[in-house]
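Below is one structure, written out as structure tokens; comments come after it.
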Amino acid sequence: MTRHMVKPLRFLTRDVLLQEIPGHVSLSYLITGCPLGCKGCHSADSWDARRGESLDITTLQRHLEHSQSYVTCVLFMGGEWQPEALLDLLRVCKTRQLATALYSGLDECPMQFIPYLDFIKLGPWITELGGLASPSSNQRLYDLQQGLCLNPLFWPTPLPAEPITTADLLRLGLKPPDLACHTAD
Ligand code: SF4
């Protein structure tokens, strides 16, 4: 049986980033079409899903051929609103044994992505609370392999990463045995 055509995601920018995912050199895509409309969004020029270049499996493979000697992680900034297309790309990364990361403005992680992700950032942009560098941020960056919240690494006075809490697990849609980690409350 043939699989129906999956409409590919599109990206506005492609960068190699050193700090967004601690310990990794990330090939990062800013995906167009985010429907969340956060007030104060720094990437409002990416909201229009018609903008940018197509990022199908072949294109991603081509980019990785050129960068896999130094890239250790692929970071998708958005794309969860086209789950099938994003899953196809995540599978390509995993086949190549690369770490994977998703920056999502959602408050909770769509479950189907968890098996294919090593890192996920959750939470919309709220200007008054700030991003990862702000200890009061609503956004949280999780290392799903190690069961850690990485936010403290980004603070002005960095602290060690924290074990994820029971509240984090609920947000991730997980139960404790689903992660090879310990939790703290
Ligand atoms: S989730 Fe991110 S890209 Fe989407 S509107 Fe909010 S800040 Fe902008």
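Read the numbers this way: they start at 1 and go in the same order the structure lists the ligands and their atoms.
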Do W125 and W47 share a hydrophobic cluster, counting only Ile, Leu, Val, Met, Phe, Trp and Tyr and linking them when any side-chain heavy atoms are less than 4.5 Å apart? no
Can you tell me if G37 has a non-hydrogen atom under 4.0 Å from ligand 1? yes
Which residue supplies the protein heavy atom nearest to atom 4 (Fe) of ligand 1, what is that atom called, and how far is it? C34 SG, 2.3 Å
Spell out, yes or no, whether F154 and L129 are grouped together once hydrophobic residues are joined by side-chain heavy atoms under 4.5 Å, including indirect joins. no
Would you please say whether a donor-acceptor pair under 3.5 Å links the side chains of S26 and S28? no
For atom 7 (S) of ligand 1, which protein heavy atom lies nearest, and how many Å away is it? W125 CB, 3.5 Å
Part of W47 with heavy atoms under 4.0 Å of ligand 1, whether side chain, backbone, both or neither: side chain
Does any N, O or S atom of C41, backbone or side chain, fall under 2.8 Å from atom 8 (Fe) of ligand 1? yes
Determine whether any protein heavy atom is located less than 4.0 Å from atom 2 (Fe) of ligand 1. no
Does the ring of Y116 carry K94 above it, NZ/CZ under 6.0 angstrom from centre and within 45° of its axis? no
Please list the nearest protein heavy atom to atom 6 (Fe) of ligand 1 with its residue and the distance rounded to 0.1 Å. C38 SG, 2.3 Å
Begin with the C-alpha distance, continue with both residues' side-chain angles, and end with the deciding distance and a verdict on salt bridge (charged side-chain N to carboxylate O under 4.0 Å, His left out) for R96 and E65. CA-CA 10 Å; R96 289 173 171 263; E65 296 292 338; 2.6 Å; yes
Starting from L106, can I reach Y103 by hopping between I/L/V/M/F/W/Y residues whose side chains sit under 4.5 Å apart? no
